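Encoded as structure tokens, the structure appears first; notes follow it.
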2 protein chains.
Amino acid sequence: MKFLSRAEELLLLALWKITEEPYGVNIRKFVSDITGKYWSIGAIYVPLDRLESKGYVQSYLSGPTPERGGKSKRYYKITEDGLEALREVQKMNSTLWDDMPDLSTKKL
Amino acid sequence: MKFLSRAEELLLLALWKITEEPYGVNIRKFVSDITGKYWSIGAIYVPLDRLESKGYVQSYLSGPTPERGGKSKRYYKITEDGLEALREVQKMNSTLWDDMPDLSTKKL
DNA sequence: AAATTATTTCTACTTTGTAGAAATTATCAT
DNA sequence: ATGATAATTTCTACAAAGTAGAAATAATTT
């Protein structure tokens, strides 16, 4: 099995952590907040779609809500395979980083 | 600044951690050992080259050694910019993972 | 001088990342 | 009802990164 890319890791983790309304806008907010960087719309949906074709996430459309108009939301959730992939990066991250000192204090 | 990709992270970390002879073969061994996966030759050198053009690593050729023949080794080292990039992923990784439970025990 | 060896260099192709315009579908205002 | 407005997704095109391995290089050994 291949390792998740950074974006895939971020998105799956978002799906793991977001409790309310895991749809495009909230997912994008989550990754923007956590990374402190701008994420275009495509940078969210395109990788999510690809994760779906790999079977790492599943999605479904909500019915219309009594809120403001617009297209209906697509909710995403992580699958068992997605979780397994996340387990693998967690393990690799430990291997890689657990023995590392805090680099913010290190000089070259 | 953009985040390092997974491969870039692995390679820079390798350069941080490898103490002896940080050249292609040893770098490849390091990442293979740590990831437990096969890494083609190109999967090492091409990203290293690209890291060099970004200024994250520097390299130089060794003179001929009194060992067995062959082309001379190219030694790599991380630069200050590379280290800074590594600091950033370290920080983001903490933000992302420090509050996560051990997923190996978690069911969906 | 030919064979062998260690290593790097190069190239072509696949996959992933990224940006944003266009399309869709709902509600609101008149 | 109809048009304006709003929220969201879908789509597309291009840029960047990942990947595999054959070919080139340059040293030593026979």
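Residue numbers start from 1 in every chain, and the chains themselves are labelled A, B, ... in the order their sequence lines are given, proteins ahead of strands. Only a predicted model underlies this, so the values are computations on that prediction, with no experimental measurement involved.
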E8(A) and R50(A) ion-paired at < 4.0 Å = no
Is any side-chain N or O of S5(A) closer than 4.0 Å to OP1 or OP2 of dG17(C)?
-> yes
Is there any protein nitrogen or oxygen under 3.5 Å from a nitrogen or oxygen in nucleotides 21-23 of chain D, and what are the pairs?
residue: dG21(D); atom: O6; partner: G42(B); partner atom: N; Å: 3.2

Looking only at heavy atoms, what is the nearest atom pair of T79(A) and L108(B), with distance?
-> C-CD2, 3.5 Å
Is a donor-acceptor pair below 3.5 Å formed from side chain R6(A) to base dG17(C), judging by atom type as modelled?
-> no
Please check the phosphate of dT7(C) (OP1 and OP2 only) for any side-chain N or O of K73(B) closer than 4.0 Å.
-> yes
Considering only heavy side-chain atoms of R74(A), the closest of dT10(D), dT18(C), dG17(C) is dT10(D)
Considering every strand shown, what is the Watson-Crick or G-U wobble mate of dT12(D) when both distances are under 3.5 Å?
-> dA19(C)
List for me each residue that meets ring-ring contact (aromatic ring centres under 6.0 Å, His included) alongside Y38(B), sequence neighbours excluded, and say none if there are none.
-> none
Test: D99(B) and K17(A) ion pair at under 4.0 Å | yes
Does the distance from a Lys or Arg side-chain N to an Asp or Glu carboxylate O, for R87(B) and D102(A), drop under 4.0 Å?
-> no
Looking at K71(B), does any N or O in its side chain come under 4.0 Å of the phosphate oxygens OP1/OP2 on dC10(C)?
-> no
Between G24(A) and K2(A), which is nearer to the 5' end of DNA chain D once each is assigned its nearest nucleotide?
-> G24(A)
Hey, does the Lys NZ or Arg CZ of K37(B) hover above the aromatic six-ring of F3(A), less than 6.0 Å from the centre and inside 45° of the axis?
-> yes
DNA chain D: R50(A) or L61(A), which has the more 5' nearest nucleotide?
-> L61(A)
